[in-house]
Protein chains: 2
Amino acid sequence: MTNDALRPEDLARGMVGRLSPELRARLAPLCSETRVVEGRRLFSTAQERLDESVLLLDGLMGRYVRDKQGRQQMVAIQVPLDFVDLHSFPLGSLDHEVEALTTARLAVFPHETLRAALRDDYELMEALWRLTLIDGAIHRHWTFRLGRLRALAGIANFLAEMDCRMRIAGVGEEGGYALPLTQPDLSDACGMSPVHVNRILRELREAEICTLAGGHVQIMNRDKLYRTGDFRQDFLYDIL
Amino acid sequence: MTNDALRPEDLARGMVGRLSPELRARLAPLCSETRVVEGRRLFSTAQERLDESVLLLDGLMGRYVRDKQGRQQMVAIQVPLDFVDLHSFPLGSLDHEVEALTTARLAVFPHETLRAALRDDYELMEALWRLTLIDGAIHRHWTFRLGRLRALAGIANFLAEMDCRMRIAGVGEEGGYALPLTQPDLSDACGMSPVHVNRILRELREAEICTLAGGHVQIMNRDKLYRTGDFRQDFLYDIL
DNA sequence: AGTGGCGCCTAACAAATGTTGCTGCGCTTG
DNA sequence: CAAGCGCAGCAACATTTGTTAGGCGCCACT
């Protein structure tokens with residue numbers, strides 16, 4: 001009962017690339033199909049019943065908490081080879097919305113298939129559990145960023161985190177990485193007004209640290225970026 | 001192979017109280033012992049290797065992310081019947097520190113014992129997985145609070161969340177609840193300066209919403225507290 | 001070709017938040 | 001008992017951040 005939807009070698013990078021080759025080989029056939037969704041489209045809503053989880057293969061997706069006043073806060077961003085909503089497998093639904101930020105290619109894992117496999121594969125189960133916990137560790141990192149860092153450090157920290165994660169995902173380069181986010185997007189992620197995001201980006205530009213233009217982050221001084229953002233290079237490596 | 005350290009009826013409230021009676025009966029004997037730790041003591045440090053997880057029976061514990069500059073952000077707070085560091089079971093270590101905020105009584109679950117039991121109990125495994133994911137949902141809620149709410153709403157939101165969780169834990173009352181946190185503690189949790197916390201508490205007091213004094217939150221107008229904090233009463237119930 | 005929307009950018013002003021420094025009080029500790 | 005320390009409270013001032021408003025350019029419509 002092999003499946004052509006996803007080959008084990010597709011899982012050799014990014015977050016899932018941290019799993020052992022054996023585990024990746026057991027995970028791949030649990031994918032029922034791949035799917036493409038358009039950018040800037042709501043993918044799933046809070047409280048909606050879900051019977052499948054998806055792994056992001058290409059593109060960017062964002063997760064949002066919204067309140068009645070229409071305020072919206074991005075609570076997570078997924079880069080290629082991240083599971084987007086694996087936590088809906090044990091939970092059954094999500095407490096937030098998921099949106100495709102760009103056109104995205106997804107690998108679909110039906111919960112039924114997962115459950116059947118994990119019942120007989122304790123090792124794989126614990127590995128997937130661990131992946132959802134890394135998600136939690138990144139949440140804590142965001143909590144720290146939003147709670148303790150001023151705007152300049154906060155933006156720098158976010159851009160540094162994305163740099164790290166993009167490189168792990170295999171889509172980063174020495175000089176920077178593609179980040180198709182607008183300034184309003186950044187303001188959703190970093191908890192500040194779009195106008196202030198603009199101010200800070202100018203500051204980063206004038207300090208010759210990095211620029212964000214045309215959906216691309218160009219890093220002029222990576223070391224300074226990481227220091228400005230108080231970002232520990234090893235942070236993501238420790239938990240991955 | 002029963003164990004007197006923890007009786008199933010001890011688990012009938014709080015977060016773990018949401019598990020079915022059958023699951024609680026299977027969970028209780030996995031506790032090896034109970035332990036008491038003193039307040040304001042570091043309980044475990046980041047990156048430390050852990051071979052047991054603990055469930056908080058009494059008291060309060062806080063989880064902190066610290067950076068080299070000494071800034072410290074509380075990223076989670078545990079109320080009775082919360083698992084404090086269950087995520088260290090799949091992960092092996094934590095990315096943050098844990099501190100007892102008050103004298104605390106703990107139920108200890110050795111990882112070895114857990115692993116042996118969960119290998120043969122898929123249902124219990126998924127239930128514990130789910131508990132760690134609820135932790136993540138609360139993280140997202142904090143991200144929203146820190147990113148989107150101004151100081152007044154932020155403090156109100158935090159106090160409302162604690163009200164909810166204390167009641168679920170069975171230690172809340174109609175008129176308020178014990179919260180042995182200082183104003184500096186609150187500033188760690190809410191991402192603002194202690195002086196500003198003081199200002200906001202005065203505002204809440206003068207608006208006759210609630211007071212925090214002597215380690216006790218007195219709620220004069222719960223409805224107004226929840227509305228000021230933009231807190232959905234049902235939030236925690238949905239995810240629990 | 002015109003038009004509308006949206007993102008980027010800036011400036012001026014308003015409001016929120018941080019910092020510093022001081023007081024007083026209660027607790028612990030010597 | 002005195003000294004020291006940490007917390008609550010407050011005020012004055014500095015800094016950061018939000019808000020409002022407007023201009024420009026690009027792109028997708030019609």
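Every chain is numbered from 1 and lettered A, B, ... according to where its sequence line falls, protein lines coming before strand lines.
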Sub-3.5 Å pairs of nitrogen or oxygen atoms, protein against nucleotides 26-30 of chain D:
none

task = Carefully, step by step, assess B:D185 and B:T182 under the rule side chain to side chain donor-acceptor pair (under 3.5 Å).
result = CA-CA 5 Å; B:D185 286 333; B:T182 66; 3.2 Å; yes
message = Taking A:Q69's backbone N and O only, do any of them form a donor-acceptor pair with A:D67's side chain (distance below 3.5 Å, no angle check)?
response = yes
Close approaches to DNA chain D from residues 139-161 of chain A, in residue order (heavy atom, under 4.0 Å) = A:R150, A:A151
ask   = Can you tell me how far C1' of C:dT10 sits from CD of A:E203, to the nearest Å?
value = 15 Å
message = Given 3.5 Å as the limit, does a donor-acceptor pair link the side chain of B:N157 with the main chain of B:G154, or not?
response = no
ask   = For D:dG9, does either OP1 or OP2 sit under 4.0 Å from a side-chain N or O belonging to B:R199?
value = no
ask   = In whole angstroms, how far is the C1' atom of C:dG18 from the CG atom of B:L186?
value = 17 Å
ask   = Relative to the ring of A:F158, is the ring of A:W142 parallel (under 30°), tilted (30 to 60°) or perpendicular (over 60°)?
value = perpendicular
query = If you measure from the Lys or Arg side-chain nitrogens to the Asp or Glu carboxylate oxygens, is any gap between A:R232 and B:D95 under 4.0 Å?
reply = no
request  = Calculate, to the nearest 0.5 Å, the distance between atoms CZ and OG belonging to B:F109 and B:S32 respectively.
outcome  = 8.5 Å
request  = Kindly indicate whether the side chain of A:I155, heavy atoms from C-beta on, has any atom under 4.5 Å from the side chain of A:L201.
outcome  = yes
task = Round to a whole Å and report the spacing from CZ of A:R40 to C1' of C:dG7.
result = 11 Å
Residue whose nearest DNA chain C nucleotide is more 5′ - A:L181 or B:H196 = A:L181
ask   = Can a side chain N or O of B:N198 be found less than 4.0 Å away from OP1 or OP2 on D:dA8?
value = no
ask   = Once you round it to whole Å, what is the distance between C1' of D:dA8 and CG of B:D185?
value = 13 Å
query = Counting side-chain heavy atoms from C-beta on, which of D:dA11, C:dG7, C:dA11 comes nearest to A:R202?
reply = C:dA11
key: CG-CD distance between B:L106 and B:Q78, expressed to the nearest 0.5 angstrom   = 11.0 Å
inquiry  = Using the ring pair (Phe, Tyr, Trp, His ring centres under 6.0 Å) criterion, which residues pair with B:F231? Sequence neighbours excluded.
reply    = B:H141, B:Y226
